[in-house]
Amino acid sequence: MSPDEINAMFGLVLVLTLLVATFFIGGALERRHYASIRQREQNYRNFLAINFSHLSPDWQIESTELARGSIVISVDYFKRFVALLKAIFGGRLTTYEPLLDRARREALLRMIEDAKSKGCNAVINVRLETSRLANATSGNRERLAGVEMLAYGTAIRTRPGVD
Amino acid sequence: MNPTRKFPIAVSNTEQIPGHRIVEFYGIVTGNTVRAKHVGRDIMAGLKNIVGGELVGYTELLTESRDEATERMIKQAQSVGANAVVNVRFATSSVAQGAAELFAYGTAVKVERE
């Protein structure tokens, strides 16, 4: 085999190994993250987080704070590869959907945790914001480094004895 | 609450501070910060990009930056004599390769307990 062929072979083996490895590792990480999200969503089921800004006047509100939660998340090599292939034909990029869903739910959970740590018992006027981070190290080709999801709202503390 | 603040200031992304009445408007106040990513964090994020998942370094970086932008907005509000900032919004824009601007803006007001 010529050195060129060896090089090409090596490249192919590397890509295949990465694909197989990230298929398992990325998948496992995603499942673990989803399990944690579902668990915490279950725990905070009674915590009110709504995107209403006007409240009924009989809510006795003691104080307000800004609550915030954010996460930067990225997709694994395998999923990016699949999305790249699918993007040729168009349609649903199913490998990217869980990524954004996870990030959004995680950001909301962190916002709730922030509100709780500030002693508040509800969050109103919740807003969600998405922004993409481009990777600086990839030269002039703007590659996606990650997606940032931000959830914020006004955390309120109601007077004791009031629902 | 930040100890450097002169007095507590209510920050909210609703149009009104619940339980309070707006008595005076001071206009828009803003706070921003432009951050470039850290080389070490960039390398770590590059590795994490292969397996996917949370890029913790970047999450921290953006959280710190947003704290700073909020703090600057609050300082500006205090300098005009406001005791609350309402209708706060966060926004992000990318200025150059690898740098991002994070800013927070809202309306500085004076509120009174109803």
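These numbers come from a predicted model, not from an experiment. Chain naming here is simple, since letters A, B, ... match the order of the sequence lines and numbering starts at 1 in each.
Contact annotation for A/Ser70: both backbone and side-chain heavy atoms come within less than 4.5 Å of a heavy atom of chain B. Proximity to chain A involves both the backbone and the side chain of B/Ile50, based on heavy atoms less than 4.5 angstrom apart. Interface residue B/Val88: backbone and side-chain heavy atoms are both found under 4.5 Å from chain A.
Note on A/Ile112: it does not cluster hydrophobically with A/Leu66, by side-chain heavy-atom contacts below 4.5 Å among ILVMFWY residues. Note: the hydrophobic cluster containing A/Val147 also contains A/Leu93 (ILVMFWY, side chain heavy atoms under 4.5 Å, direct or indirect links). A single hydrophobic cluster is not seen to contain both A/Leu109 and A/Met149; linkage of ILVMFWY side chains at heavy-atom distances under 4.5 Å, directly or through other members, places them apart. Following chains of ILVMFWY side-chain contacts shorter than 4.5 Å, one can reach B/Val111 starting from B/Phe25, so the two form part of one hydrophobic cluster. Transitive grouping of hydrophobic side chains (ILVMFWY, heavy atoms separated by less than 4.5 Å) brings A/Phe47 and A/Ile37 into a common cluster.
By the salt bridge (Lys or Arg N to Asp or Glu O under 4.0 Å) test, A/Glu129 pairs with no residue at all, sequence neighbours left out. In terms of the salt bridge (Lys or Arg N to Asp or Glu O under 4.0 Å) criterion, residue partners of B/Arg66 (sequence neighbours excluded) are, by chain and number, A/Glu148. Residues meeting the side-chain contact (heavy atoms from CB on, under 4.5 Å) test with B/Asn87, sequence neighbours left out: B/Glu15, B/Arg89.
Scanning both residues, A/Tyr152 and B/Phe90, for their nearest heavy atoms gives OH-N, 3.3 Å.
Here the CD1 atom belonging to A/Ile73 is positioned 14.5 Å from the OH atom belonging to B/Tyr58, to the nearest 0.5 angstrom. Atom OG of B/Ser12 sits about 9.5 Å away from atom CD1 of A/Ile156, to the nearest 0.5 Å.
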Salt bridge (charged side-chain N to carboxylate O under 4.0 Å, His left out) between B/Glu54 and A/Arg32: does it pass, once the steps are laid out?
-> CA-CA 12 Å; B/Glu54 185 181 1; A/Arg32 210 172 64 184; over 6 Å; no

Could you give me the CA-CA distance, side-chain angles and deciding distance for A/Arg132 and B/Thr92, then say whether side chain to side chain contact (heavy atoms under 4.5 Å, CB included) is met?
-> CA-CA 9 Å; A/Arg132 59 195 293 277; B/Thr92 318; over 6 Å; no

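The number of heavy atoms from other shown groups lying within 6.0 Å of OH (A/Tyr44) is above 12. The number of heavy-atom neighbours closer than 6.0 Å to OH of B/Tyr26, taken from other residues, nucleotides and ligands shown, is above 12. Other residues, nucleotides and ligands contribute at most 12 non-hydrogen atoms within 6.0 Å of the CZ atom of A/Phe24. Other residues, nucleotides and ligands place more than 12 heavy atoms under 6.0 Å from the CZ atom of B/Arg113.
Of all the listed residues (A/Ile71, A/Leu29, A/Ile61, A/Ile25), the one sharing the greatest number of non-hydrogen pairs under 4.5 Å with chain B is A/Ile71. Contact count against chain B (heavy-atom pairs under 4.5 Å) is highest for A/Gly153 among A/Gly26, A/Gly153, A/Ala155. By number of non-hydrogen pairs under 4.5 angstrom with chain B, the leading residue of A/Ile124, A/Thr22, A/Leu150 is A/Leu150. Among B/Ile17, B/Leu62, B/Thr63, B/Val85, the residue with the largest count of heavy-atom pairs under 4.5 Å with chain A is B/Leu62.
Between the side chains of B/Asn13 and A/Thr154, at least one donor-acceptor pair of N or O atoms lies under 3.5 Å.
Residues A/Arg68 and B/Asp67 form a side-chain contact, since some pair of their non-hydrogen atoms from C-beta on lies under 4.5 Å apart. Annotation: side chain of A/Tyr77 is not in contact with side chain of B/Val51 (no heavy-atom distance under 4.5 Å). Under the 4.5 Å side-chain criterion, counting only non-hydrogen atoms from C-beta, B/Thr14 is not in contact with A/Phe52.
Residues of residues 3-20 of chain A having a heavy atom under 4.5 Å from any heavy atom of chain B, listed by number: A/Leu18.
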